[in-house]
Amino acid sequence: MHINSIKISGFKSFAEDVELILEPGVTTIVGPNGCGKSNVSDAIRWVLGQQSPRALRCANMQDLLFNGGSNFKPAQRAQASLHITNVEGKLALESPEIAVRRQLTRSGASDYFINDAPCLLRDITELFMDTGIGVDAYSVMEQSKIDLILNTRPEERRFLFDEVA
Amino acid sequence: MHINSIKISGFKSFAEDVELILEPGVTTIVGPNGCGKSNVSDAIRWVLGQQSPRALRCANMQDLLFNGGSNFKPAQRAQASLHITNVEGKLALESPEIAVRRQLTRSGASDYFINDAPCLLRDITELFMDTGIGVDAYSVMEQSKIDLILNTRPEERRFLFDEVA
Amino acid sequence: SREAFLSAFEQIRANFQEVFEELFNGGETELLLTDPSDVLESGIDIIACPPGKKPQSITQLSGGERSLVAIALLFAVFKIKPSPFCVLDEVDAALDESNVLRFANLIRTYAQQTQFIIITHNKRTMEIADVMYGVTMEQAGLSKIVSAKFGNEIRA
Amino acid sequence: SREAFLSAFEQIRANFQEVFEELFNGGETELLLTDPSDVLESGIDIIACPPGKKPQSITQLSGGERSLVAIALLFAVFKIKPSPFCVLDEVDAALDESNVLRFANLIRTYAQQTQFIIITHNKRTMEIADVMYGVTMEQAGLSKIVSAKFGNEIRA
Ligand SMILES: Nc1ncnc2c1ncn2[C@@H]1O[C@H](COP(=O)(O)OP(=O)(O)OP(=O)(O)O)[C@@H](O)[C@H]1O
Ligand SMILES: Nc1ncnc2c1ncn2[C@@H]1O[C@H](COP(=O)(O)OP(=O)(O)OP(=O)(O)O)[C@@H](O)[C@H]1O
Ligand SMILES: [Mg+2]
Ligand SMILES: [Mg+2]
């Protein structure tokens, strides 16, 4: 199972639609400071169900919508989707590719979709249960957070161990 | 006023005597991970009077003594000194060069010296008063601490401003 | 359950030593329960000793050494139940060149079963990419994506 | 005293804008007292907006942008009462190449009145050195110093 592509639109600094087509193996994302690389990682975690604005470096979820910078119109909708191959039928669905999408409008409406069918966040977390994919899993390591594994009190650190036990 | 040289002996990974001779201007310290660069910065802060082992990445001040690694004898004494030119008589002393030295023995005896004369920590902090040099001043920025200026609560951050007010 | 945790814990300990040795070219590690009598609530202490050094608290390790220890722990857990994909954002920032090379080699071994998305500024890390995407901001404030796809021809 | 603090605060605000502009090639900053009625206890909020972007909380800035903002604030304070020497330990770790160059140029301007000791892994930062010391650990656990002294002949 791997990600075929990531689509982002209106999310943080990605005002216009962008698509990253991935292969199994290693994809590197590079570019100057502030160009949007970590925003891609935020988009992935957001689609997977990250509910805490602080974990996405925001004060409110509304801050995720492209804010227009000093030269553009702010976006009315933020959207991100992951298109995942369902190789080996690891995910409990029939289709060979699964599209998981999340969107947020400026009016505050927040919606989830699996293969374009509206669903709940719970459906997405259940879809990925036991695959190691998920907001709290070890599958995404944020910038400047690597040291936290070492700094957390020993009691907090065990959370990582409980994930796989 | 600038540092002419830094001498370190028996402090952290510097088992043997080392000396860095500096010039006014820019000195860079380079080398692989774990080779001892930040230990030089720790030595400078220790001589200037850093009293918190945690601020020197230790549990106890005794951890500052070279611990022998897996192949050597542990040091019996840790010592570091800064040799500073007293250009413009900025420091309240007669001599053109001032040597500030600190030592710690394995038995726990901790001593300070100005130009080889025993003194108290207070004499050292008074010597540097109003020069911007000191343990809490902005003159030493530790590794991975640069972000703290931004993360601290606004009330804590003002400490930096009070330093120069 | 207590047994499930202890069994995972034993595996993680072994994996941690293995990955650590690969990243540090040797050395010793230990993972200890702070309270062995209360396995399901106990904290976990980390002892990590690079080759030739003396085991101390990990607070005394250097910035780059701490990054490697954290990476080793992450992958020690990961090896038990690898996720299908893994996103790493600048975890190599504190590493010197030879450590970045070891980190990159480690990633390549795991990349056989896991898809990696690695955000980096480091040229050595970029060299192990199958695909590389550049993010640009030619117009201030507006991110765009440029792809520079490698594939096998470069690494053959 | 209230006057002393406010006078320093005004200077820091002006310096912060100046250094920020140098590091970001433009942009807008603001330093605000969280409680203007209690000047001696009030906290200080930072607004920092790179050119072309919209002023937001500094938490939304990128890792490299935050490093530059912190460096700008450090030097804004520093310019008021420069210390005779300043030690910086890997403050350039998160910076891309063009930002490291701007950081290095900034250091060179201050280096006329202040002695800098800069610990770094970055080649561009090394290029501004008058003296460079290498720390080595040929014998595991034992640090030694090697000096590679430049001086003016290299930069002329
Ligand atoms: N809602 C938004 N609208 C527009 N721009 C935004 C929004 N949220 C964040 N940004 C911008 O995105 C930029 C940060 O992007 P990101 O963190 O992805 O950078 P980066 O490429 O990871 O850089 P670095 O190499 O420094 O880590 C910031 O400059 C911020 O102003
Ligand atoms: N008392 C001691 N005796 C012997 N070695 C010590 C002692 N205290 C610390 N060390 C060693 O010093 C090393 C850390 O050195 P330091 O932090 O200076 O590295 P560094 O050159 O800054 O590396 P990096 O580039 O990763 O930041 C650690 O490996 C640690 O084991
Ligand atoms: Mg980033
Ligand atoms: Mg260091």
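Please read all numbers here as calculations on a predicted model, not as lab measurements.
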For this session: Please look at C/L6 and chain A and tell me whether the side chain, the backbone, both or neither of the residue comes under 4.5 angstrom of a heavy atom of that chain.
Result: neither
For this session: Apply the side-chain contact (heavy atoms from CB on, under 4.5 Å) test between C/I44 and each candidate in C/L33, C/L32, C/I12, C/D35; give the one that qualifies.
Result: C/L33
Exercise. Are C/K144 and A/E16 close enough for a salt bridge, meaning some N to O gap below 4.0 Å?
Worked result: yes
Seminar exercise, completed: Counting heavy-atom pairs under 4.5 Å with chain A, the top scorer among C/Y110, C/F78, C/F116, C/F9 is C/F116
For this session: Could you look at A/N33 and say if it's the side chain, the backbone, both or neither that has a heavy atom under 4.5 Å from chain C?
Result: both
Problem set entry | Region of C/E41 that comes under 4.5 Å of a non-hydrogen atom in chain A | backbone
For this session: Go through A/G69, A/G68, A/P24, A/S13 and name the one with the most non-hydrogen pairs under 4.5 angstrom from chain C.
Result: A/S13
For this session: Sort A/I6 into side chain, backbone, both or neither according to what part of it lies under 4.5 angstrom from a heavy atom of chain C.
Result: side chain
Problem set entry | Salt-bridge present (A/D17, A/K7; N to O < 4.0 Å) | no
Exercise. Considering only heavy atoms, which portion of C/A8 lies under 4.5 Å from any heavy atom of chain A: side chain, backbone, both, or neither?
Worked result: side chain
For this session: Using modelled atom types only, decide if a donor and an acceptor are shared between the side chain of A/R77 and the backbone of A/L104 within a distance under 3.5 Å.
Result: no
Seminar exercise, completed: Max heavy-atom pairs within cutoff under 4.5 Å with chain C, candidates A/P32, A/G34, A/S38, goes to A/S38
Problem set entry | Which atoms of A/E142 approach chain C - backbone, side chain, both or neither, heavy atom under 4.5 Å | backbone
For this session: Considering only heavy atoms and a distance below 4.5 Å, find which of C/A4, C/P82, C/A94, C/S42 pairs most often with chain A.
Result: C/S42
For this session: State plainly whether the residues C/R108 and C/D130 are in salt-bridge range, i.e. N to O under 4.0 Å.
Result: yes
Problem set entry | Heavy-atom pairs under 4.5 Å with chain A, option from C/C86, C/S1, C/A111 with the top count | C/C86
Exercise. Using non-hydrogen atoms only, which part of C/L88 is less than 4.5 Å away from chain A: side chain, backbone, both, or neither?
Worked result: both
Exercise. Would you call A/R101 and A/D116 a salt bridge, taking side-chain N to carboxylate O under 4.0 Å as the test?
Worked result: yes
Exercise. Looking at C/T34, C/L142, C/I107, which makes the most heavy-atom pairs under 4.5 Å with chain A?
Worked result: C/L142
Problem set entry | Interface residue of largest heavy-atom contact number with chain C, from A/T27, A/I21, A/D147, under 4.5 Å | A/T27
Exercise. Do the side chain of A/T125 and the main chain of A/L121 share a donor and acceptor less than 3.5 angstrom apart?
Worked result: yes
Exercise. Top residue by heavy-atom pair count (under 4.5 Å) with chain C, among A/I8, A/V40, A/N71, A/L22?
Worked result: A/L22
Exercise. C/E22 side chain to C/V19 main-chain N or O, any donor-acceptor pair under 3.5 Å?
Worked result: no
Problem set entry | Region of A/L150 in contact with chain C, defined by heavy-atom distances below 4.5 Å | both
For this session: Please state whether the side chain, the backbone, both or neither of C/I80 comes within less than 4.5 Å of a heavy atom of chain A.
Result: side chain
Exercise. Between C/R13 and C/E18, does at least one N-O distance fall below 4.0 Å, as a salt bridge requires?
Worked result: no
For this session: Look at C/V69, C/I46, C/N122, C/T114 and state which one has the largest set of heavy-atom pairs under 4.5 Å with chain A.
Result: C/I46
Problem set entry | A/R102/A/D111 salt bridge by N-O under 4.0 Å criterion | no
Exercise. Do NZ/NE/NH1/NH2 and the carboxylate oxygens of C/R124 and C/E97 come within less than 4.0 Å?
Worked result: yes
